[in-house]
Amino acid sequence: MTTTRSLVVPLPDTTATCQARRRLDELVKPVGSLGRLEELAAWLCGAHGTVPPRPLDDVRVAVFAGDHGVSAAPPGAPGVSAYPRELTAAMVRVFQAGTSGVTVLAREVGARVRVLDIAVDAELDDVARDVVARKVRRGSGAIDVEDALTPGEAEQAFSVGRAVADEEVDAGADLLIPGDMGIGNSTVAAALVGASLGLPAHRVVGTGTGVDETGHAHKIAVVERALHRVEGRVADPFDRLTALGSACAAATAGFLVQAAVRSTPVVLDGVFSLAAALVARDIAPDAARWWLAGHRSTEPAQSVALTALGLEPILDLGLRLGEGSGAVQAVPVLRAARAVLADMGSLADLT
C-alpha cells in the first residue's frame with residue numbers, strides 16, 4: 001500500500017540497553033532494588049541510544065477526536081455510552097479552552113496537548129483552523145450494520161496520523177502520547193481488539209463511560225453483531241480499520257507507527273490507543289518496540305491487548321477517562337527512572 005512503502009522502523013539500541021543494566025548494577029544500592037524504575041531506565045537508554053537517556057523535557061499529547069455511528073440510539077433505547085454523541089464536539093472546544101482532564105493533568109507535568117478533529121460529526125467552525133485542517137470525514141458508519149469507513153479512508157487517516165507524529169517530532173518532542181476523544185470509542189476499541197485477537201464480544205466489552213447493566217448487555221450485543229458481520233474479511237489491518245474502526249483509530253495507528261519510524265518513544269494510554277496499537281503492530285511489527293503502556297484502565301479489551309503486546313502498565317489507578325490522561329500520569333515515573341541513571345553515584349565512588 002502506498003501509505004506503508006516508506007515504513008522503515010529502526011530497532012532500539014540493544015548495546016545501550018545492556019550498558020544501562022550494567023551501570024544500574026554498579027549504583028549505590030542493592031542490585032535490582034529500584035525494581036521497575038531500573039527496567040524503565042534501561043528501556044529509555046535503548047530508545048535514546050545513550051546512557052543515561054536524554055531528559056524528557058518535551059512531552060506532547062495528540063488527541064484524535066471523532067464520532068462513531070454505533071453511538072447513535074433512538075430516544076429511550078439503550079446506547080453504548082452513558083453520554084450523548086453531541087458531547088464529542090463540545091469536548092473539542094473544552095480541549096481548546098485548556099480545561100479538559102488531560103490538559104489539566106498535562107500542565108502538571110509540563111506536557112503539551114494538541115487536539116485534532118479527525119471525524120467529529122460537526123463542522124466546528126468556531127475552533128482554530130489547525131484543529132480541523134486534517135478532518136477525514138464526519139462520523140463513521142455504525143459497525144454493527146455497516147463498515148465504519150469507505151474504501152481508502154483508513155489509509156488516508158493513517159497518513160494523517162503519520163504526518164502529525166512527524167510534526168511533533170520535528171518540533172522537538174522527546175516523548176509522544178496518543179489521546180482520544182469520541183463517544184462510542186470503547187465500543188469501537190472492543191470490536192477492533194476482538195477482531196485482532198480472535199476474541200468474542202463478552203471477553204472485550206466493558207462498561208466504558210459507565211453504562212448500566214442493560215447498557216452493557218446492549219453493548220455486548222452490538223459488538224457481537226459487528227464481529228459476526230465482518231467475519232473472514234479483517235485479516236488485513238486496513239480492512240479491519242475500514243470495517244470496524246474509525247478515522248481516528250486509523251490516525252492513531254499511523255501516529256504510533258511513525259513515532260517508531262522516527263525513533264521516538266511512545267506512552268500508550270487506555271483501551272482506544274491499545275486497540276490502535278494492535279492494528280499498528282500488524283502494519284509494522286517492529287514499531288511495538290518503541291511503545292510503553294502508561295496505565296491499566298478498567299476496560300477488559302485494554303487488558304487483553306496489553307497481554308498480546310507484552311506490555312506491563314507503569315501505573316494502575318483505575319482510570320477510564322481516556323484522552324491520554326493516564327499516560328500523562330506515567331511521565332513523572334519515567335523522569336524518575338532517567339534520574340536514577342543520570343544522578344545516582346556508583347559503589348566504586350565509595351572506595
Does one side chain, of [X] or [Y], offer a donor that lies under 3.5 Å from an acceptor on the other?
X: Ser81; Y: Thr209; value: yes
X: Lys219; Y: Thr207; value: no
X: Thr14; Y: Thr17; value: no
X: Glu153; Y: Thr150; value: yes

[Y]/[X] salt bridge by N-O under 4.0 Å criterion:
X: Arg233; Y: Asp239; value: no
X: Arg114; Y: Glu168; value: yes
X: Glu123; Y: Arg138; value: yes
X: Arg60; Y: Asp58; value: yes
X: Asp147; Y: Arg229; value: yes
X: Asp170; Y: Arg262; value: yes
X: Arg85; Y: Asp67; value: no
X: Arg289; Y: Asp286; value: yes

Any donor-acceptor N/O pair, [X] side chain to [Y] backbone, under 3.5 Å:
X: Thr103; Y: Gly98; answer: yes
X: Asp349; Y: Ser346; answer: yes
X: Ser325; Y: Gly101; answer: no
X: His216; Y: Val205; answer: yes

Inset, instruction - Could you pull out all residues at least two apart from Phe255 that satisfy ring pair (Phe, Tyr, Trp, His ring centres under 6.0 Å)? - result: Phe64
Is [Y] reachable from [X] through a run of I, L, V, M, F, W or Y residues, each pair having side-chain heavy atoms under 4.5 Å apart?
X: Leu227; Y: Val193; result: yes
X: Val160; Y: Leu256; result: yes
X: Leu311; Y: Ile283; result: yes
X: Val131; Y: Val136; result: no
X: Val271; Y: Val266; result: no

Within the structure provided, determine whether [X] and [Y] are in side-chain contact (heavy-atom separation under 4.5 Å).
X: Val164; Y: Gln258; result: no
X: Leu306; Y: Glu312; result: no
X: Tyr83; Y: Ser71; result: no
X: Val304; Y: Val204; result: yes
X: Ile177; Y: Val328; result: yes
X: Leu309; Y: Arg281; result: yes
X: Val145; Y: Arg225; result: no
X: Val115; Y: Met181; result: no

Identify the heavy atoms of [X] and [Y] that sit nearest to each other, and give their distance.
X: Asp269; Y: Gly326; value: OD1-N, 2.9 Å
X: Ala280; Y: Trp291; value: CB-CH2, 3.7 Å
X: Ala284; Y: Val9; value: CB-CG2, 4.2 Å
X: Arg137; Y: Ala148; value: NH1-O, 3.4 Å
X: Ala327; Y: His295; value: N-CD2, 4.0 Å
X: Val59; Y: Leu56; value: CG2-O, 3.8 Å

Inset, instruction - Would you check, one step at a time, whether the test side chain to side chain contact (heavy atoms under 4.5 Å, CB included) holds for Val267 with Leu175? - result: CA-CA 7 Å; Val267 180; Leu175 183 72; 3.8 Å; yes
Please round to the nearest 0.5 Å and tell me the distance separating atom [atom1] of [X] and atom [atom2] of [Y].
X: Ser100; Y: Leu321; atom1: OG; atom2: CG; result: 8.0 Å
X: Ser297; Y: Leu268; atom1: OG; atom2: CG; result: 12.0 Å
X: Leu192; Y: Ile143; atom1: CG; atom2: CD1; result: 7.0 Å
X: Leu116; Y: Phe95; atom1: CG; atom2: CZ; result: 11.0 Å
X: Arg203; Y: Ser303; atom1: CZ; atom2: OG; result: 9.0 Å
X: Leu124; Y: Gln96; atom1: CG; atom2: CD; result: 9.5 Å

Legend entry - salt bridge (Lys or Arg N to Asp or Glu O under 4.0 Å) between Arg162 and Glu167, intermediate numbers included: CA-CA 9 Å; Arg162 293 186 66 190; Glu167 289 168 2; over 6 Å; no
Inset, instruction - Could you check Val28 against Leu350 for side chain to side chain contact (heavy atoms under 4.5 Å, CB included), going step by step and ending with a plain yes or no? - result: CA-CA 8 Å; Val28 284; Leu350 302 179; 4.0 Å; yes
Inset, instruction - Carefully, step by step, assess Val331 and Arg335 under the rule side chain to side chain contact (heavy atoms under 4.5 Å, CB included). - result: CA-CA 6 Å; Val331 171; Arg335 287 175 173 158; 3.6 Å; yes
Inset, instruction - Could you check Arg320 against Glu299 for side chain to side chain contact (heavy atoms under 4.5 Å, CB included), going step by step and ending with a plain yes or no? - result: CA-CA 8 Å; Arg320 55 185 177 87; Glu299 286 293 297; 5.7 Å; no
Legend entry - side chain to side chain donor-acceptor pair (under 3.5 Å): pairs with one or both residues in residues 32-53, sequence neighbours excluded: Lys29-Glu38, Arg36-Glu39
Inset, instruction - Using side chain to side chain contact (heavy atoms under 4.5 Å, CB included) as the criterion, list what pairs up with Ser196, not counting sequence neighbours. - result: Arg240, Leu278, Val279
Inset, instruction - Would you mind telling me which of Asn185, Asp121, Thr187 makes a side-chain hydrogen bond (donor to acceptor under 3.5 Å, both in side chains) with His68? - result: Asn185
